[in-house]
Amino acid sequence: MEQFFTTAELDNKIFPLFSIHHLIPIFIILLLGALIVSNQEKLRYEKNRRTFMLCLGVLILIQQILLYSWYAASSINMLKDGLPFYLCRTGSICIVYSLISNKKSLNFIVFFIGYLGGVIALLSPDTSGYLFPHVMYVQFFITHGGMLLAALFLRVVDGYVPDRKELKKIIIYILVYSSFVSILNPLVNGNYGYLETPPKSAHFFSLLPSGLIYKFGITGVMCLLMSLVYIALSKKSIAHKNNFYRL
């Protein structure tokens with residue numbers, strides 16, 4: 001328990017990419033994703049569907065409570081690092097609300113932030129350098145893995161395909177978020193949204209120049225990726241309908 005909740009400062013906060021600490025949680029998340037895909041028919045029964053959504057929502061919520069409990073116990077500057085203004089934190093709040101309340105109005109956030117935010121975060125983990133079994137490690141992979149599984153569930157079980165209006169909504173969401181965080185970061189000396197510097201493990205973002213070009217680049221890449229996902233799913237949906245009518 002002491003290792004799980006230790007607040008001891010670390011000298012090295014760089015997460016070891018593709019180490020056993022990285023690959024094992026990714027394997028577990030992929031395995032759970034495969035189980036969702038293989039059991040999609042059973043999960044469409046309303047009782048099973050609601051049970052899954054509630055369990056996943058409560059699990060992500062518990063991890064957020066653990067995160068802020070650790071923040072409260074440590075010497076973290078809450079204004080600088082503890083506000084819920086990282087993209088995945090704002091996304092996870094929306095996802096928890098959507099899963100527990102069964103509201104569909106936030107499906108576009110669950111889908112886009114769950115998929116892209118989850119994938120990017122899992123490829124470049126930021127656990128503040130802590131490894132298993134520390135709470136920061138556990139909550140990071142459960143939260144971001146849960147976000148990705150929520151998006152997969154929405155797509156595979158519910159058959160969700162975003163429309164153009166929802167793509168526009170998520171792009172506006174990202175632009176408003178980036179603008180707000182760009183103003184907030186200098187005021188609190190923070191790095192919310194990683195709009196000042198990328199995570200130490202995100203070597204691919206480190207290739208972007210610093211300053212305004214970096215901020216515009218990160219925001220532009222997110223909007224571009226969301227647009228590409230929308231286009232790919234729209235084409236797949238149209239092709240599926242055409243094949244159906246030929247039968």
Side-chain angles (χ1 to χ4, degrees), residues 13-15 17 60-61 63-64 67-68 70-71 74 76-98 106 108-130 136-137 139-148 150-151 162 166-230:
K13 294 192 175 184
I14 300 176
F15 187 89
L17 287 179
I60 297 174
L61 178 61
Q63 294 311 308
Q64 290 300 301
L67 170 66
Y68 281 98
W70 183 80
Y71 276 165
S74 67
I76 290 290
N77 182 329
M78 290 299 288
L79 284 177
K80 180 181 178 182
D81 294 307
L83 298 176
F85 293 135
Y86 285 99
L87 184 60
C88 285
R89 283 187 199 166
T90 61
S92 65
I93 291 169
C94 293
I95 288 171
V96 167
Y97 172 76
S98 182
L106 296 178
F108 70 102
I109 294 179
V110 178
F111 181 77
F112 284 110
I113 303 297
Y115 260 134
L116 294 177
V119 168
I120 291 171
L122 291 171
L123 289 177
S124 54
D126 181 7
T127 63
S128 298
Y130 295 99
M136 289 294 284
Y137 175 94
Q139 76 81 28
F140 179 89
F141 282 103
I142 289 183
T143 297
H144 292 87
M147 289 169 59
L148 184 57
E166 288 172 314
L167 174 65
K168 195 178 293 184
K169 280 183 183 179
I170 195 64
I171 289 177
I172 292 171
Y173 177 91
I174 293 297
L175 293 176
V176 171
Y177 165 83
S178 297
S179 300
F180 169 74
V181 167
S182 294
I183 296 169
L184 175 69
N185 278 336
L187 297 176
V188 298
N189 193 29
N191 188 27
Y192 293 108
Y194 298 104
L195 285 182
E196 305 303 318
T197 57
K200 289 183 172 65
S201 58
H203 303 303
F204 42 89
F205 283 133
S206 301
L207 299 174
L208 292 171
S210 59
L212 279 176
I213 296 177
Y214 169 76
K215 291 180 183 181
F216 283 124
I218 291 290
T219 305
V221 166
M222 287 296 292
C223 292
L224 176 62
L225 289 174
M226 289 172 179
S227 300
L228 291 174
V229 168
Y230 164 75

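Each residue takes its place number in the sequence, starting with 1. Basis for what follows: all heavy atoms, side chains included, without hydrogens, waters or symmetry-related copies.
- Ser124 places a side-chain heavy atom less than 4.5 Å from the side chain of Ile120.
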Side chain to side chain contact (heavy atoms under 4.5 Å, CB included) evaluation trace for Leu195 with Thr219: CA-CA 8 Å; Leu195 285 182; Thr219 305; 4.2 Å; yes
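- For the atom pair NZ (Lys80) and CG (Leu184), the distance works out to 13.0 Å, reported to the nearest 0.5 Å.
- Nearest heavy-atom pair, Ser92 versus Met147, reported as atom, atom and distance to 0.1 Å: CB-SD, 4.1 Å.
- With rounding to the nearest 0.5 Å, the separation of CD1 in Ile93 from CD1 in Ile60 is 11.5 Å.
- Here Leu116 contributes atom CG and Met226 contributes atom CE; the two are 5.0 Å apart, rounded to the nearest 0.5 Å.
- Of the possible polar contacts, none joining the Thr143 side chain to the Phe140 backbone as a donor-acceptor pair under 3.5 Å is found.
- In terms of heavy atoms, Pro186 sits closest to Ser182 at CD-O, 3.0 Å.
- Atom-to-atom distance recorded for Asn189:CG and Glu196:CD is 9.0 Å, nearest 0.5 angstrom.
- Looking only at side-chain heavy atoms (C-beta outward), Met78 and Tyr68 come within less than 4.5 Å of each other.
- A 4.5 Å side-chain heavy-atom check between Phe108 and Leu167 finds every atom pair outside the cut-off.
- Residues Tyr173 and Leu87 are in side-chain contact: their nearest non-hydrogen atoms beyond the backbone lie under 4.5 Å apart.
- In this structure a side-chain-to-backbone donor-acceptor pair under 3.5 Å is present from Tyr192 to Leu83.
- Between Met136 and Ser128, the shortest heavy-atom contact is CE-OG, 3.5 Å.
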Verdict with reasoning, Tyr194 to Asp126, per side chain to side chain donor-acceptor pair (under 3.5 Å): CA-CA 11 Å; Tyr194 298 104; Asp126 181 7; 2.5 Å; yes
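- The backbone N or O of Pro162 sits nowhere less than 3.5 Å from a side-chain atom of Tyr230 that would complete a donor-acceptor pair.
- Between the NZ atom of Lys168 and the OG atom of Ser227 there is a distance of 12.0 Å, given to the nearest 0.5 Å.
- What you find for Gly82 and Tyr71 is that their closest heavy atoms are CA-CE1, 3.7 Å.
- Atom CD1 in Ile142 sits 12.0 Å away from atom CG in Leu67 (nearest 0.5 Å).
- Residues Cys88 and His144 are in side-chain contact: their nearest non-hydrogen atoms beyond the backbone lie under 4.5 Å apart.
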Side chain to side chain contact (heavy atoms under 4.5 Å, CB included) evaluation trace for Ile174 with Ile218: CA-CA 10 Å; Ile174 293 297; Ile218 291 290; over 6 Å; no
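- Considering every non-hydrogen atom in both Tyr177 and Gly193, the closest pair reads OH-CA, 3.1 Å.
- Distance alone, capped at 3.5 Å, places no donor-acceptor pair between the Tyr86 side chain and the Gly91 backbone.
- Annotation: side chain of Tyr97 is not in contact with side chain of Leu61 (no heavy-atom distance under 4.5 Å).
- Annotation: side chain of Val96 is not in contact with side chain of Gln64 (no heavy-atom distance under 4.5 Å).
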Full working for side chain to side chain contact (heavy atoms under 4.5 Å, CB included) between Thr90 and Cys94: CA-CA 7 Å; Thr90 61; Cys94 293; 5.7 Å; no
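- Using a 4.5 Å heavy-atom cutoff, the side chains of Cys223 and Ile170 are not in contact.
- Side-chain atoms of Ser98 do not come within 3.5 Å of backbone N or O of Ile95 as any donor-acceptor pair.
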